[in-house]
Amino acid sequence: MNGSPTFQLTRPASDPSVWKELAALWQRGTQSCPFQSPGILRYFSDATEEETLVLACKRDGSLHAAVVLKLDQGGKLSFLSDLKTDLNRFLFDPVCSALDKAGFFDFILGTIKEQRWSWTLNNQATEEDHTALLELRAEEAGLYNLGILHSARPVVEAATPAELYAHVHGFRELRYRVNRLVKQPGTTFEVFTDDRELDAWTDAFCNVHMLKWSGTPTPSSFRDPVRREFLRGCLKAWNADGLLVRFSIRSGAERIGFVVGLRNGDTLIHHSTTYHPEHARASPGKALIHAMAEWMSGNGFRTLDFGDGREEYKYSVATGERPMKRIFISTKSDLAYILSTSVIRTVNSSPRLYGIYQKHIKKLLKS
């Protein structure tokens, strides 16, 4: 690619052709992340009431780099994939250099400065070089820029799929959970890589999730029919993109354990899970980790990514974790945004305050 880069801000609502260009970039991209796949982004765009924006760089007539964002009425930007994600990514052509990425970031930051927007970047991977590059360019652009470590993705990583399975199989408790369930009459482990029983499976997932969290301070969001249909739409979009792998345990006529898995190269993401509370002693969730590893060993996956969150069960098998950042960017005159993000930093840096937030404030905000 020898042409000079051109930059553009597009609103897909008025130019639907942009989805085809994004799909082509995602297909050849450096990281074909399921949370930025063509089908899911288009579904998110249809599902949100906020405006969808695509900021892009083109070379020789084709997309070279892009990011899909949503903009609320208050001028606050965030990733469109924030609607349901473990990780937010930019879309880059494999030939993109650090200099290309810097130019692309300068365009985005210049647009923010000109429009006087703010931008909250959740779930940013710290292992990627361009995360630090973006923060550096924001600082050099004279913008307010705050980055804080806020979460992590625990992972099981091995040199080969066989080694990954050997690692997981080596945990006696997981083998015990599987054997205990298998010995129960009428119990089977299921794997779906197509749309078979997708509607019934989704309904069962939501119903069991509601049972699991009933009577707790954080009841299931699937009490709301809109949230149930949103999940169904997500699963159908990921399935259409060839990314969805559903794992479940059937006991007689009902399913008692579920995992939504998503393909990402040689990684399988453990995205969502639930189990029937009446079967808690059998630990269906842990048994499904073993079942996932067995399936991965035969299908070329060497990394199991547990997704966002430091839940204890993930670390029972994890070989490490990948920290994630939240990055806040705005003009230096946006004092309300700066104050609110400073409060977030203070809470995040104090174990006591963070515990209060997790146990009380976060639950109130979700209710």
Side-chain angles (χ1 to χ4, degrees), residues 34-35 82 84-88 122-127 148-157 164 167-168 170-178 181 205-206 208-222 227 231 234 245-249 256-262 264 267-293 296 301 303-326 347-348 351-363 365-366:
F35 304 109
D82 266 344
K84 187 166 178 57
T85 190
D86 288 306
L87 182 64
N88 287 315
N122 294 310
N123 298 78
Q124 293 297 291
T126 58
E127 71 266 19
I148 59 174
L149 292 171
H150 82 105
S151 188
R153 301 176 345 261
V155 296
V156 182
E157 191 169 17
L164 179 135
H167 170 78
V168 174
F171 288 88
R172 181 178 178 276
E173 182 188 3
L174 298 190
R175 298 197 307 274
Y176 170 75
R177 300 301 179 187
V178 171
L181 283 163
F205 180 101
C206 294
V208 168
H209 195 275
M210 289 170 59
L211 287 171
K212 183 175 184 295
W213 295 103
S214 177
T216 72
T218 55
S220 172
S221 64
F222 297 126
R227 293 302 301 173
L231 174 65
C234 290
V245 186
R246 294 174 287 134
F247 300 86
S248 49
I249 302 172
I256 62 170
F258 305 80
V259 172
V260 174
L262 297 171
N264 183 18
T267 295
L268 187 67
I269 299 173
H270 183 289
H271 176 55
S272 299
T273 185
T274 194
Y275 62 85
H276 199 297
E278 290 183 3
H279 297 268
R281 292 186 65 182
S283 298
K286 290 185 177 180
L288 281 169
I289 292 173
H290 188 279
M292 291 179 73
M296 291 169 68
F301 294 86
T303 301
L304 175 57
D305 184 334
F306 278 106
D308 180 24
R310 289 188 164 108
E311 290 86 352
E312 185 178 349
Y313 76 89
K314 300 177 181 180
Y315 289 95
S316 65
V317 295
T319 58
E321 68 172 23
R322 296 173 182 172
M324 293 191 295
K325 297 185 79 169
R326 295 184 76 187
V347 170
N348 196 77
R352 178 175 174 273
L353 291 176
Y354 188 73
I356 293 172
Y357 167 76
Q358 288 287 340
K359 291 181 180 179
H360 304 290
I361 299 174
K362 187 176 180 179
K363 295 170 185 175
L365 291 174
K366 285 186 174 182

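This one's a predicted model, so the numbers in the text were calculated from it and none came from an experiment. Position 1 is the first residue of the sequence, and the numbers go up from there.
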> Can you confirm whether or not the ring centre of Phe35 sits under 6.0 Å from the ring centre of His271?
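Ring centroids of Phe35 and His271 are less than 6.0 Å from each other.
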> Could you go through the side chain to side chain contact (heavy atoms under 4.5 Å, CB included) check for Phe247 and Leu268 one step at a time?
CA-CA 12 Å; Phe247 300 86; Leu268 187 67; 3.9 Å; yes
> For the backbone of Ser221 and the side chain of His209, can you confirm whether one donor and one acceptor N or O come within less than 3.5 Å of each other?
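The answer is no, because no donor-acceptor pair under 3.5 Å joins these two groups.
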> Take the angle between the ring planes of Phe222 and Phe205 and call it parallel below 30°, perpendicular above 60°, tilted in between.
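Aromatic pair Phe222/Phe205 classed perpendicular.
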> Any donor and acceptor pair, going by atom type alone, linking the side chain of Thr85 with main-chain N or O of Leu87 inside 3.5 Å?
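Yes; judged by distance alone, with no hydrogens or angles, the pair exists.
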> Identify the heavy atoms of Ala287 and Ile249 that sit nearest to each other, and give their distance.
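That would be CB-CD1, 4.3 Å.
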> For the NE2 atom of His167 and the OG1 atom of Thr319, what is their distance to the nearest 0.5 Å?
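If we round to the nearest 0.5 Å, His167:NE2 and Thr319:OG1 are 6.0 Å apart.
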> Nearest heavy-atom pair of Leu288 and Gly257: which atoms, and what distance?
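Smallest heavy-atom distance, with atoms named: CD1-C, 3.6 Å.
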> Between Asn88 and Asp82, is there a side-chain donor-acceptor contact under 3.5 Å, judged purely by atom types and distance?
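Yes, Asn88 and Asp82 have a side-chain donor paired with an acceptor closer than 3.5 Å.
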> Looking at every heavy atom in both Pro323 and Glu127, which two are closest together, and how far apart are they?
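Where Pro323 meets Glu127 most closely, the heavy atoms are O-OE1, 4.2 Å.
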> Rounded to the nearest 0.5 Å, how far apart are OG1 of Thr218 and NZ of Lys212?
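So the gap between those two atoms works out to 8.5 Å.
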> Are the side chains of Asn264 and Asp305 in contact, using a 4.5 Å heavy-atom criterion?
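Result no, sub-4.5 Å side-chain heavy-atom pair not found.
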> Could you pull out the closest heavy-atom pair between Trp213 and Ser220, with the gap in Å?
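Taking every non-hydrogen atom into account, CB-N, 3.8 Å.
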> What is the minimum heavy-atom distance between Ser316 and Phe171, and which atoms define it?
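So the two residues come closest at O-CE2, 3.1 Å.
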> Does a side-chain heavy-atom distance below 4.5 Å link Val208 with Ile256?
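No, side chains not in contact.
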> Provide the full list of salt bridge (charged side-chain N to carboxylate O under 4.0 Å, His left out) pairs with a residue in residues 314-326, sequence neighbours left out, each pair given once.
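Counting only pairs at least two positions apart or across chains, the salt bridge (charged side-chain N to carboxylate O under 4.0 Å, His left out) contacts touching residues 314-326 are Glu135-Lys325, Glu157-Arg322, Arg310-Glu321, Glu311-Lys314.
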> Between Asn123 and Asp86, is the side chain to side chain donor-acceptor pair (under 3.5 Å) condition met? List the steps.
CA-CA 7 Å; Asn123 298 78; Asp86 288 306; 5.9 Å; no
> To the nearest 0.5 Å, how far apart are CD1 in Ile269 and CE in Met292?
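Nearest 0.5 Å value for the CD1-CE distance: 10.0 Å.
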> Quick check for you: to the nearest 0.5 Å, what is the distance between Ser283 atom OG and Tyr275 atom OH?
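The distance works out to 7.0 Å.
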> Would you compute the distance between atom NZ of Lys84 and atom CZ of Arg227 and round it to the nearest 0.5 angstrom?
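Going from the NZ atom of Lys84 to the CZ atom of Arg227 covers 7.0 Å.
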> What distance do Leu181 atom CG and His279 atom NE2 have between them, rounded to the nearest 0.5 Å?
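Reported value, rounded in 0.5 Å steps: 9.0 Å.
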> For the residue pair Ile289 and Arg177, establish whether any side-chain heavy-atom pair is separated by less than 4.5 Å.
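Side chain of Ile289 against side chain of Arg177, heavy atoms only: no contact under 4.5 Å found.
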> Do you know which two heavy atoms are closest between Pro34 and Leu262, and how far apart they sit?
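The answer is CG-CB, 3.9 Å.
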> Can Thr273 and Tyr313 be said to form a side chain to side chain contact (heavy atoms under 4.5 Å, CB included), step by step?
CA-CA 12 Å; Thr273 185; Tyr313 76 89; 3.8 Å; yes
